[in-house]
Amino acid sequence: MSDTSPSPENADFDAMTRDIAEVPAVEVIVTVAVNLMSAAAVKLGLTEEGDKYKDLDEARKLVSALAGLLDASATEISSFHAAPLRDGLKSLQLAFREASIVADEPGQGPGEKYTGPVYG
């Protein structure tokens, strides 16, 4: 005889599924972008802890992922949402250039294949 009553794990999963179904796509995209920006800032050493968590290889990956996300979604999320995210991306790209010991060639920095060369 099997027990068909919902388990606590299934109930939580069902609730999460319902919750995510109610969130507009633009909100999901912006939330992911902000998370990528925050993680990149930490890896660039831009937080109060400074160099404690600095890792430029990781920062490059996060900035590139952010640039790809913004490039792919900019027309979907409107300029109201995209403009401040693009500004944040450019700030991170400039911070990466400043933090790098060996400068990337223009257009070769993190995310620049999506944004084009970034100059200070």
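In what follows, residues are counted from 1 in the order of the sequence shown. None of the values given here were measured: they were computed from a predicted structure.
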Return yes when atom CD of E98 has more than 12 non-hydrogen atoms of other residues, nucleotides or ligands closer than 6.0 Å, and no otherwise. no

Where do V118 and T115 come nearest, in terms of heavy atoms and distance? CG2-OG1, 3.9 Å

Does Y119 have more than 12 heavy atoms from other residues, nucleotides or ligands lying within 6.0 Å of its OH? yes

Nearest 0.5 Å, please: how far is OG1 in T31 from CG in L36? 11.0 Å

Kindly indicate whether the side chain of S78, heavy atoms from C-beta on, has any atom under 4.5 Å from the side chain of V26. no

Rounding to 0.5 Å, atoms CE (M37) and CG (D87) come to a distance of 8.5 Å

Side chains of L62 and V42 in contact at under 4.5 Å (non-hydrogen atoms): no

Roughly how far, to the nearest 0.5 Å, is CZ of R86 from NE2 of H81? 12.5 Å

Any heavy-atom pair between the side chains of L89 and V63 that's under 4.5 Å? yes

Quick one: pull up CG in L85 and CD1 in I77 and give me the separation to the nearest 0.5 Å. 5.5 Å

Can I get a per-line list of side-chain donor-acceptor pairs under 3.5 Å for residues 101-110, giving both atom names and the distance, sequence neighbours left out?
residue	atom	partner	partner atom	Å
D104	OD1	R60	NH2	3.1
D104	OD2	R60	NH1	3.4
D104	OD2	R60	NH2	2.8

Counterpart residues, side-chain hydrogen bond (donor to acceptor under 3.5 Å, both in side chains), relative to S73 (two or more places apart): none

Determine the minimum heavy-atom distance between A99 and L56, stating which atoms define it. O-CD1, 3.6 Å

Assigning hydrophobic clusters by single linkage (Ile, Leu, Val, Met, Phe, Trp, Tyr; side-chain heavy-atom cutoff under 4.5 Å), is V30 placed with L70? yes

Mind listing the closest non-hydrogen atom pair of S64 and G111 along with its distance? OG-N, 3.2 Å

Supply the atom-to-atom distance L46 CG to S38 OG, rounded to the nearest 0.5 angstrom. 11.0 Å

Do V32 and L66 belong together in a cluster built from hydrophobic side chains that touch within less than 4.5 Å? yes

